[in-house]
Amino acid sequence: MRAGTRSGLLVGLEILVPILILAVWWVWSASADSFYFPPLAEILRSFQETWLFARFPTDVLPSLGRMFLGYAIAVVIAVVSGVALGLSVVARQAASPLVEFFRAIPPTALLPFAILVFGVGFEMKVFIIAFVCVWPVLLNTIDGVRAIDPVLRETVRVYRLSNVDQLRRIVLPAIAPQVFAGMRTSLSLAVILMVVSEMVASTNGIGYFVLQAQRSFDIAEMWSGILLLGIFGYLLNAVFIWIERRSLTWYRAIRSSST
Amino acid sequence: MTVVVETRSPSTSSLGPGARGRVAPTIAIVATLVLWQLAVTVGLIDAQYFPDMVSTVTQLAGLVVSSSFWLALADTLMGAALGMAWAVALGIPLGVLFGSTEWLYRAFRVPIEFLRPMPSVALIPVAVLVFGTGLEGKVFLAAFAAFWPLFVQTVYGMHDTDSVVVETARSYRVRTFDRLWRIKLPGALPFIMTGARISAAVALILAVTAELLFSQSGLGYEINLARSSGAISLMYALIIAAGFLGLLLNAVMVFIEQRVLSWHPSTRELLP
Amino acid sequence: SSGSGAPSGDAGGDASGELTTIRVGILPYANVAPLYVGMQEGIFEEHGFEIEPKTFNNGAEEVTALVADEIDVAFVGYFTAAVPISKGLPLQIISNNDQEAAEADAAWAAVTLVSADSDIQSVEDLPGKTLAVNALRSQAEVQNTMSFEAQGIDPASVNLLEVPMPEMGAALANGSVDAINIAEPFASAEIAKGARQIDAPLVSITEEGENFPNGGWAVTQDFLARSDAEALAEALAEATDFTQENPEAARAVIPEFTALTAEQVDSVRLPYWSSTVSRALVQQAIDMADQVGLLEDEVTVDDLLAEPARKFSDQ
Amino acid sequence: MLVVDKLGKTYGTGATQYEAIDEISFEVRRGEFVCIVGPSGCGKTTLLKAMAGLHSPTRGVTRLNDRAVTGPPAEMAVVFQEYGRSLMPWLTVKDNVLLPLRSRKMSSAERKQRVAESLNSVGLGAAGEKYPWQLSGGMQQRVAIARALAYKPDILLMDEPFASVDAQTRGDLEDLILKVRDEFGVTIVLVTHDIDESVYLSDRIVVLTNAPTRVNEVIDVDLGKPRDQVETKELPAFAHLRAHVYRLIRHREAEQ
Amino acid sequence: MLVVDKLGKTYGTGATQYEAIDEISFEVRRGEFVCIVGPSGCGKTTLLKAMAGLHSPTRGVTRLNDRAVTGPPAEMAVVFQEYGRSLMPWLTVKDNVLLPLRSRKMSSAERKQRVAESLNSVGLGAAGEKYPWQLSGGMQQRVAIARALAYKPDILLMDEPFASVDAQTRGDLEDLILKVRDEFGVTIVLVTHDIDESVYLSDRIVVLTNAPTRVNEVIDVDLGKPRDQVETKELPAFAHLRAHVYRLIRHREAEQ
Ligand SMILES: Nc1ncnc2c1ncn2[C@@H]1O[C@H](COP(=O)(O)OP(=O)(O)OP(=O)(O)O)[C@@H](O)[C@H]1O
Ligand SMILES: Nc1ncnc2c1ncn2[C@@H]1O[C@H](COP(=O)(O)OP(=O)(O)OP(=O)(O)O)[C@@H](O)[C@H]1O
Ligand SMILES: [Mg+2]
Ligand SMILES: [Mg+2]
C-alpha cells in the first residue's frame, strides 16, 4: 500500500510539473511580445491546425520512417562492430583513430559527400541519420564489452563456450545495460538528425516543415513543429524505457537498491 | 578459440607493446588513404565533386603552414572546449542529482525528454537572440548538445552501482555527500567517461556547425567559405582538420579516463 | 576574431573625426563586393564609418541577428526581406546593392542548367522533370515559378527539390536531379564542365534591358532612427556604384571574403551593381512573392524601401 | 534490546512467490553474542538484513530499544556475506575502511589511527594501499571485518564473516571479535555454518528450520568467559552442545 | 598427469610489485584427489588459475599430459572462489548449468537430463527456474558446483567450493564429489580452509607456506576408500593427519 501511494505521487509529479512549466510559459509568452517567442496560445493554435491531423500522413509518417530506419541501421552496425572492437585489442587499436576521426566530423559537413554518393533522396537522409547515431552506441558497446566482469570471462574460457554462445548468451546480455544507455542518447540524436537531414532535398517531413517555417518567419508554426518534436522525443523515450525495463529485470535486481 | 577474452599476443612478441600499438593503426590509416585515392582514381566517386586523397592532403599541407589556419583551429577548439566544460559542469552534477533522486527525475522527466531531441538548427534563433553571434552563441550550442549525452550517461551510471555496495553505504549511514561523491559517482564513472567521450565529439561538431551558420571565425567558417566558393579540396582538407581535432580531444579524454578508471576492469587489464 | 568589440552607439558619429563601427552581416558571395571595395577605397571612412563584416550562411540567420542587435546592417535579398516585413518584423532596406543582368548569357543570379548529354533542350522539356533549387519558399521558388508562367509552362508540372547550391553539381552529375537553378560562382564552374544553360528566370520575366532587383542592405527601424543612417545609406550607394564602374576593383577584393582564387574570379560572371532600383520591379517582386503565398500582411514598396533607398530609386 | 517479533518474509508475488521466512521471534540482550545457524537457503541473510533495516519484512517487526527498525539504525555495522561486492573497487583498502568513519565526528588523525589499528588487528596492516581486487578472497573478507570494527558499532551483525579464511586466521578472528565484545560491550549477531564456531562464540544460539523458516530452538551456551580455543573446546559441555546443534540441523525435511 | 613445475607468480611491476608465489612444484596423478591448503592470501587461487591456464605464471609451467598448459584445456571444469560473480545474472539457474553443455555434442534431451540430475544432486532440484540473484549465497555456490558436475570434466579444479554451505550440506557435497570421482575417474584438485575436509577428501594434501609461497609439505593420506563421514573421521590416522596439517599451517611467519 505504501508503495502504491508512492508511485501514485510520482505519477502526479510527472504530470504536474510539465503543466506548471506550460503555465509559466503561457503567462510569460503572453506578455513577452517577442517576435521569436510568440504567445503559447498562438503556438498551440498553430499546432492544432498543422498537426491534428492535417500534415500527419504527409509530413510525420515519412519523417518517422526515415528516422527509424537510420536509427535501426546505426544500432545494428554499432553493436556488431562494437562487439568486435571491444573483443580484439588489435582491431580496436587499428580502428580507433578512424572511429575518433569520423565521429568528430559534423554531419552538415558530410552532406556534400552524402549527396554525391547517395543522391539527394531517401538513402542520403538515412545515411546521415545512421552516421551520427552510430557513435554513442558504438562507444558504449566497446566500453561495455571491455567492462565485462573478469570472473565471467574466466568462466567462459574454462567452459570453452562456443563463439555463438559467448556472443549471444554472455556478451550481449552483459553489455545490454550500457548499450541501452547509448541507444537512449542516439534516439534523441536520431530525432535531431531527422531534422538536419531534411534540410536538403526534402518535400515533406517535420524537420522540413520547421525549417521552412523558420525561413519564412512563421515563428508560431516553427514552434509548433518544435513542440511536436519534443512530444515525439518524450513518447519515443517512454516506449524505450518500457522496453528496457522489460529486458533488464536482472540488471535492476543486482544494481542499486533492490528494496 | 574464445571470443570473450581479448586475443593478446604473448609478451614474447618481437615488437615491444608500444610499437605493436602503433603498427595496427598505421596500417588502418594507410589502407584508408589508399582506398580513398583508388576510389577517386578508378572513378567510383566523381572526381569533379570529390577530391582525390593526394590533392586534399596537399591542400592540408598548404594549410598547416598558414597561421590563419591555426587561428581558425584555435577558435574552434576554444568553442568546443568551453562548450564541453559547461556540459561537464552541468551534466555530471545534474545527472548525479537526477540519477539518485527518483522523485526529481520523475518530476522533470517530461521536460527533459522534451528538450533532449531539440535540434540545434532549430535553436539557432534562440542562440543568436540570447547569446549573440560571438563565442557565447557558439558555446551555448556546443554546451546544449554536449550536455545531453553526459547527462543521460550519468543518470544510467548512477543506477549501475552494485546493490551490495548501496546496502553497505546505507548500513554504515554514509552521509549523503560521501554517498554521492565516493560511492555513486565512482560507480558511475565508466558510464560517465563513455558519455564524456561522446560529448567531446558532439561539442566539437556543434562548435563547427555554429561557425558554419553564423560565426566569424573558426574551422566551420572556413568550411563555409570554401563550400560556398566551390573550393572542394580545400573544404575536405578543412573537414579532415576537424577530424584531427576530434582525435586530439579524444586523446585528452582517454588520458583522463585512464587515470580516473585505473581501478576498472577495462583499464586495469592493460596493466602488466 | 569573434565577439564584436565595440558595440556601435548613436554617439561619437559626425562631429568628431572618430569613426562609428558598423557591424555588417554578409553572405560569402561576390554580391557583397561593394562593401569591401568601399572599405578599400576609403568610402566608408569618408562618411565616418568603420565596417566590421560578419559572415552568415543564410538570410534568415542574418535577420535574426539584426533583430538581436548582433549586427546593424545585413545584405539580404528582396524576397528574404519582404517575408519578415510582411510578418511584422521592423526591417527596411536602406540601399540597393545588386541586380540580375539584363541578358541571359550574362545572368549570374540564377541560371537553369542541364548536363551536356541531357535530353532537355529548353524550359519546355522541364515538365515532369526535377529541378533543384537552392531553397523552397524563397526567391528561388518564386523566380522559377514566375519564369515558367511567363514561358507558358504550368509551374506545378515541374518538381522543385531543395538542394544546397554547392551540391547541385554533384546532384546533377549523379542523376538525382534533371536540372539545377544555380548562381555564381557555381554556374560558371558547371558551364565550364559542360553544362548547358536553358533559362535565366529573372531575365525571362523582365522586359528587354531591365535588371531585376536582387538584394540590398537592410537595417532595423531602430537603426533608421539614428542620425547617421542616411550617411550610411549614401556610403553604401557610393560604394555600390563605384564597384559597378570598376569591375577590376571588385575582382581584386572577392578572394578576401570568399575562398575563390584569383583565376576563378576572373572567369565568373559578376553581378550588376547599382544603387538605384526600379520601384516597379520591386513591386513586381513583392507581388510575385505574394502570389506564391510567401507573404502574410500586404507589403508595399514603401514598406520595403526606407527613405534613403527610395531617394535613390528611379521612379 | 534487539527484539525480532513475529518476523516473516515472502519474496515476489503471484506465481513466483516464495515464502522464505514463516515467522521468527527471538531477542538479543545488550552485550550478548548470538549466533544464528540453519540450513543453507533457510533465510539467515534475509533475517539479518531485516534486523539491519535494509529490507522491510512482509510481516512482523524488529524493535531496537522498543522502537521499530525501519532503516539502518545508527551505531550498527553489518558485515555482508557477499563481502567482495561490498567493497568499493575504486577505493584502496584503507579508504574502504575509512569511508564509514568520514561521517563521524572525530579528528582525521583519530580516523587514520582507527583504520590502521583495525587493519592490523585482522592481519592486513601491510595491505592498506592495495585495491580490493588485488586481494585474495580471504583478505577481502578481512577488510570487510576491519571496516566494521573501525566503525566501533554498538551492534554488529555479521553474515558468515569467516567463511573464506584459513583455520588459523579464523581462530584468531574469532578471538578478536570476542575481545572486542568484552572491551566495548558490543552486541553481536553472527550467522555461521560452522557449528564449532557457533558454540565457541555464543551466549545463545538460534537454530532455524528449513524454509518456510521458524525458530527450531534457542540454545543457551553456558561455557563461561573468557573462552579459549583449546580449553573451551575441550570442555565436555562444548562437545555436548556441538552434538546437540548438529542434530538439530540434521533433522531437516527431505528436499527444500 | 597434471604437473606443476617450478611455477612462480609476481603481480605488478615496479614499486607495487608483489611476489605471490615463489616456486611451487608438485604433481597430480590421474584420478587422484588432491587438496591444497595454506594460509589466507598465500596464492592458492593464483596457483589454481595458473593450473587452469587462465593466468600465465611469471615463472615455470603447468603441464597436462606432458603438454604445457597455455589456455584452459578441454575437459577441465573450474569452480571459482567468487562463485556469485561466475554465474550469469541474466540466465536462470537451469540455463546457467546448461550453458557449458551447449557446445558439447549431445541431444537436447540428454542435456536437460544432465542439468536436472546435477541440480538435484546439490539439492536445488526445485530452484531451476530462479535467477542467481534470487538465491542465497550457499545456493549460488551449489549452482556453480552443479554446473561443473553437469559438464562431466576429466579434471575438476575447485576453489573453496563449500565455504558458504551449512555443515550438513557440506558433508553431503563432499560425499557427492567423492562419488563422482569414483564413478567417472575424475581428477580433482580442491582448495579448502577446512582441515578436516582436506584430510577427509584427499589422496594427498599439498600444504603451502606464506607468501612468497613454496610447498611446505606434501602429505599422503592413506585412509583407504571409500570414506565415510562418521567412520573415517573416527580413525586414529585421521586425527593424526589432521593435527599434522594444523601444525603445518600454524607454523607461519609473523604477519604477511
Ligand atoms: N531477491 C530474492 N528474490 C526471491 N527469492 C529470494 C531473494 N533473496 C533470497 N531469496 C530466497 O530466500 C531464501 C532465503 O535466502 P537467504 O539468502 O536469506 O538464505 P541464507 O539462510 O542466508 O542462506 P545461505 O546460508 O546459503 O547464505 C532462499 O531460498 C532464496 O532463494
Ligand atoms: N590482480 C592482483 N594484483 C596484485 N596482487 C594480487 C592480485 N591477485 C592476487 N594478488 C595477491 O596475491 C596473493 C595471493 O592471492 P590469492 O588470491 O591467490 O590467495 P589465496 O591463497 O587464494 O587466498 P584466499 O585463501 O584468501 O582466497 C595475495 O597476497 C594477493 O594480494
Ligand atoms: Mg546467506
Ligand atoms: Mg583464494
Side-chain angles (χ1 to χ4, degrees), chain A residues 10 13-14 17-18 21 36 87-90 93-98 100-106 108-109 113 116-117 135-136 139-140 143 146-150 153 156-157 163 166-167 170-171 177-178 181 184-185 188 191-192 195-196 199 210 226 229-230 233-234 237 254-258, chain B residues 2-8 21 24-25 27-29 32 45-46 49-50 103 106-111 113-122 125 129 148-149 152-153 156 159-163 166 190-191 194 197-198 201 204-205 208-209 212 223 239 242-243 245-247 250 264-266:
Chain A
L10 287 177
L13 260 184
E14 191 163 351
V17 170
I21 292 178
Y36 282 95
L87 289 173
S88 155
V89 181
V90 177
Q93 279 173 344
S96 157
L98 298 177
E100 304 307 338
F101 176 85
F102 280 112
R103 74 191 184 84
I105 305 248
T108 36
F113 174 78
L116 182 61
V117 175
W135 308 118
L139 292 198
N140 273 294
D143 291 350
R146 294 179 61 200
I148 294 178
D149 191 324
R153 285 172 183 269
V156 163
R157 287 181 67 194
N163 288 345
Q166 289 186 32
L167 290 175
I170 310 294
V171 176
Q178 195 159 358
R184 188 91 175 266
T185 293
S188 305
V191 178
I192 293 176
V195 174
V196 172
M199 284 167 78
V210 169
I226 291 180
L229 285 176
Y234 177 75
N237 265 290
I254 63 166
R255 294 305 194 185
S256 285
S257 188
S258 45
Chain B
T2 43
V3 166
V4 161
V5 173
E6 296 190 347
T7 41
R8 279 198 249 188
I27 292 174
I29 291 168
T32 311
I45 303 179
D46 193 335
Y49 301 100
F50 192 77
W103 64 267
R106 288 291 289 271
F108 287 94
R109 186 156 83 183
V110 176
E113 298 305 350
F114 182 88
L115 280 176
R116 231 149 56 76
M118 283 300 114
S120 44
V121 276
L129 278 177
W148 295 114
V152 170
Q153 296 268 144
Y156 268 77
H159 295 298
D160 192 53
T161 334
D162 192 298
S163 57
V166 173
F191 278 67
T194 309
R197 286 169 49 216
I198 296 169
L204 179 64
I205 287 174
V208 173
T209 307
L212 272 172
I223 291 174
I239 291 177
L245 268 191
L247 283 179
N250 186 64
H264 193 253
S266 66

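Please read all numbers here as calculations on a predicted model, not as lab measurements. In the text below, chain A, chain B and the rest are named by the order of the sequence lines, each starting its count at 1.
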statement: Between P117(B) and G233(A), the two heavy atoms sitting closest are CG-CA, 3.5 Å

message: I'd like to verify something: which residue of L229(A), V210(A), L98(A), D149(A) has the highest number of heavy-atom pairs under 4.5 Å with chain B?
response: L98(A)

field: Portion of I239(B) that has a non-hydrogen atom of chain A nearer than 4.5 angstrom
entry: both

message: At a 4.5 Å cut-off on heavy atoms, which part of L116(A) comes close to chain B: side chain, backbone, both, or neither?
response: side chain

message: Please classify the contact between P190(B) and chain A as side chain, backbone, both or neither, with a heavy-atom cut-off of under 4.5 Å.
response: backbone

query: Between S96(A), A95(A), A147(A), which residue shows the highest count of heavy-atom pairs closer than 4.5 Å to chain B?
result: A147(A)

task: Could you pull out the closest heavy-atom pair between F50(B) and I45(B), with the gap in Å?
output: CB-CG2, 3.5 Å

- prompt: How about R109(B) and N237(A): does a side-chain donor come under 3.5 Å of a side-chain acceptor?
  reply: no

query: Which atoms of V152(B) come close to chain A, meaning under 4.5 Å heavy atom to heavy atom: side chain ones, backbone ones, both, or neither?
result: side chain

Among the listed options Y234(A), W135(A), F102(A), the residue most often paired with chain B at heavy-atom distances under 4.5 Å: Y234(A)

message: Any donor-acceptor pair under 3.5 Å linking the side-chain atoms of Q153(B) with those of N140(A)?
response: yes

- request: Can you see which heavy atom on V208(B) is nearest to which on P106(A), and at what distance?
  value: CG1-CG, 3.5 Å

- request: With the side chain counted from C-beta on, respond yes when I148(A) and V171(A) share a heavy-atom pair under 4.5 Å apart, and no when they do not.
  value: yes

- prompt: Who among V191(A), T185(A), I21(A) has the most heavy-atom pairs with chain B under 4.5 Å?
  reply: T185(A)

